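Positions are given from 1, in the same order as the sequence printed here. Source: prediction; values computed, not measured. What you see below is based on every heavy atom in this structure, not just the backbone, and it leaves out hydrogens, waters and symmetry mates.
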Amino acid sequence: MSITRRQDRPSTWQKVKFVVFDAHQAPGGICERLQVARGALQGGASCVELLKHDTCRGVEHVRSRLKEVEALKGEGLMLRHPTAPHRAGRSAELLKV
């Protein structure tokens, strides 16, 4: 993103957001880790936000959300096993759709 390389600090910097999607060092499944992340972000900088997570309600829900994401030029979805702890690298508990 070229805005991050500019030295004149244009107002477009106000549109840049840092999005947190997990608290990988926290114990527990994704729900517990998101609670840790949410707590850590309370009262923090307005340029940092927690990524919205949805609970999978079935195959049709995944297909519908994937169409929405792809329509917005997104790459896909990440499906996590809800109780699995974070593991670095590839694992059976995390699926990219």
Side-chain angles (χ1 to χ4, degrees):
M1 193 174 194
S2 64
I3 185 64
T4 61
R5 296 190 179 123
R6 290 182 57 173
Q7 301 297 315
D8 59 346
R9 297 184 184 185
S11 63
T12 48
W13 259 109
Q14 295 172 359
K15 296 178 183 179
V16 174
K17 295 278 184 182
F18 295 95
V19 181
V20 176
F21 60 91
D22 199 345
H24 68 274
Q25 293 182 335
I30 188 67
C31 293
E32 290 84 7
R33 296 193 313 270
L34 290 175
Q35 282 296 99
V36 170
R38 197 170 286 114
L41 294 177
Q42 282 184 339
S46 62
C47 63
V48 181
E49 61 186 45
L50 185 64
L51 179 69
K52 181 182 179 293
H53 288 69
D54 290 332
T55 300
C56 178
R57 297 186 302 267
V59 174
E60 287 306 315
H61 180 232
V62 172
R63 287 181 180 148
S64 172
R65 287 291 292 135
L66 182 58
K67 282 184 182 179
E68 292 173 15
V69 168
E70 289 175 337
L72 295 170
K73 308 289 187 212
E75 293 183 23
L77 302 172
M78 300 298 288
L79 305 179
R80 297 180 179 275
H81 188 284
T83 61
H86 175 79
R87 292 195 184 131
R90 298 179 188 268
S91 75
E93 293 87 18
L94 179 61
L95 175 66
K96 183 174 181 178
V97 178

Quiz prompt | Summary of side-chain hydrogen bond (donor to acceptor under 3.5 Å, both in side chains) pairs that have at least one residue in residues 88-97, sequence neighbours excluded | solution =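 Checked against side-chain hydrogen bond (donor to acceptor under 3.5 Å, both in side chains) - neighbours excluded - the pairs reaching residues 88-97 are Glu75-Lys96, Arg87-Glu93, Ser91-Glu93.
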Quiz item: What residue pairs, at least two apart or across chains, pass side-chain hydrogen bond (donor to acceptor under 3.5 Å, both in side chains) with a residue in residues 21-31?
Solution: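 Residue pairs passing side-chain hydrogen bond (donor to acceptor under 3.5 Å, both in side chains), neighbours aside: Asp22-Arg33.
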Practice problem: Would you please name every residue forming a salt bridge (charged side-chain N to carboxylate O under 4.0 Å, His left out) with Lys52, sequence neighbours left out? | Solution: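 If we apply the salt bridge (charged side-chain N to carboxylate O under 4.0 Å, His left out) test to Lys52, skipping adjacent residues, the hits are Asp54.
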Exercise. Report the residues that fulfil salt bridge (charged side-chain N to carboxylate O under 4.0 Å, His left out) with Glu68, sequence neighbours left out, ordered by chain and then residue number.
Key: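 Per chain and number, Glu68 pairs via salt bridge (charged side-chain N to carboxylate O under 4.0 Å, His left out) with Arg65.
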With sequence neighbours excluded, what pairs up with [X] under the side chain to side chain contact (heavy atoms under 4.5 Å, CB included) test?
| X | value |
| --- | --- |
| Cys47 | Phe18, Ala45 |
| Lys17 | Val19, Glu49 |
| Val20 | Ala37, Leu41, Val48, Leu50 |

Self-check item: ring pair (Phe, Tyr, Trp, His ring centres under 6.0 Å) partners for His81, two or more places apart
Solution: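 Residues passing ring pair (Phe, Tyr, Trp, His ring centres under 6.0 Å) with His81: none at all.
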Self-check item: Any residue meeting side-chain hydrogen bond (donor to acceptor under 3.5 Å, both in side chains) with Gln35, in chain and number order, not counting sequence neighbours
Solution: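 Arg38.
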Quiz item: Listed by chain and number, what are the side-chain hydrogen bond (donor to acceptor under 3.5 Å, both in side chains) partners of Gln42, not counting sequence neighbours?
Solution: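 Once residues adjacent in sequence are excluded, Gln42 has no partner under the side-chain hydrogen bond (donor to acceptor under 3.5 Å, both in side chains) criterion.
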Self-check item: N/O donor-acceptor pair under 3.5 Å between Glu70 side chain and Lys67 backbone
Solution: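 Checked: no pair found.
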Quiz prompt | Approximate separation, where rounding is to 0.5 Å, of Ile30 CD1 and Thr55 OG1 | solution =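 That separation rounds to 10.5 Å.
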Quiz prompt | Residue pair Gly76 / Leu66: nearest heavy atoms and the distance that separates them | solution =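 Shortest heavy-atom separation between Gly76 and Leu66 comes out as CA-CD1, 3.8 Å.
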Quiz item: Under a single-linkage definition using a 4.5 Å side-chain heavy-atom cutoff for Ile, Leu, Val, Met, Phe, Trp and Tyr, are Leu51 and Leu34 assigned to the same hydrophobic cluster?
Solution: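 Different clusters.
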Quiz item: Linking Ile, Leu, Val, Met, Phe, Trp and Tyr by side-chain heavy atoms under 4.5 Å, what else ends up with Leu94?
Solution: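 Reading the cluster by chain and number, Leu94 sits alongside Met78.
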Quiz prompt | Within residues 40-63 or reaching into it, pairs that qualify as ring pair (Phe, Tyr, Trp, His ring centres under 6.0 Å) - sequence neighbours excluded | solution =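 The answer is none; no pair qualifies.
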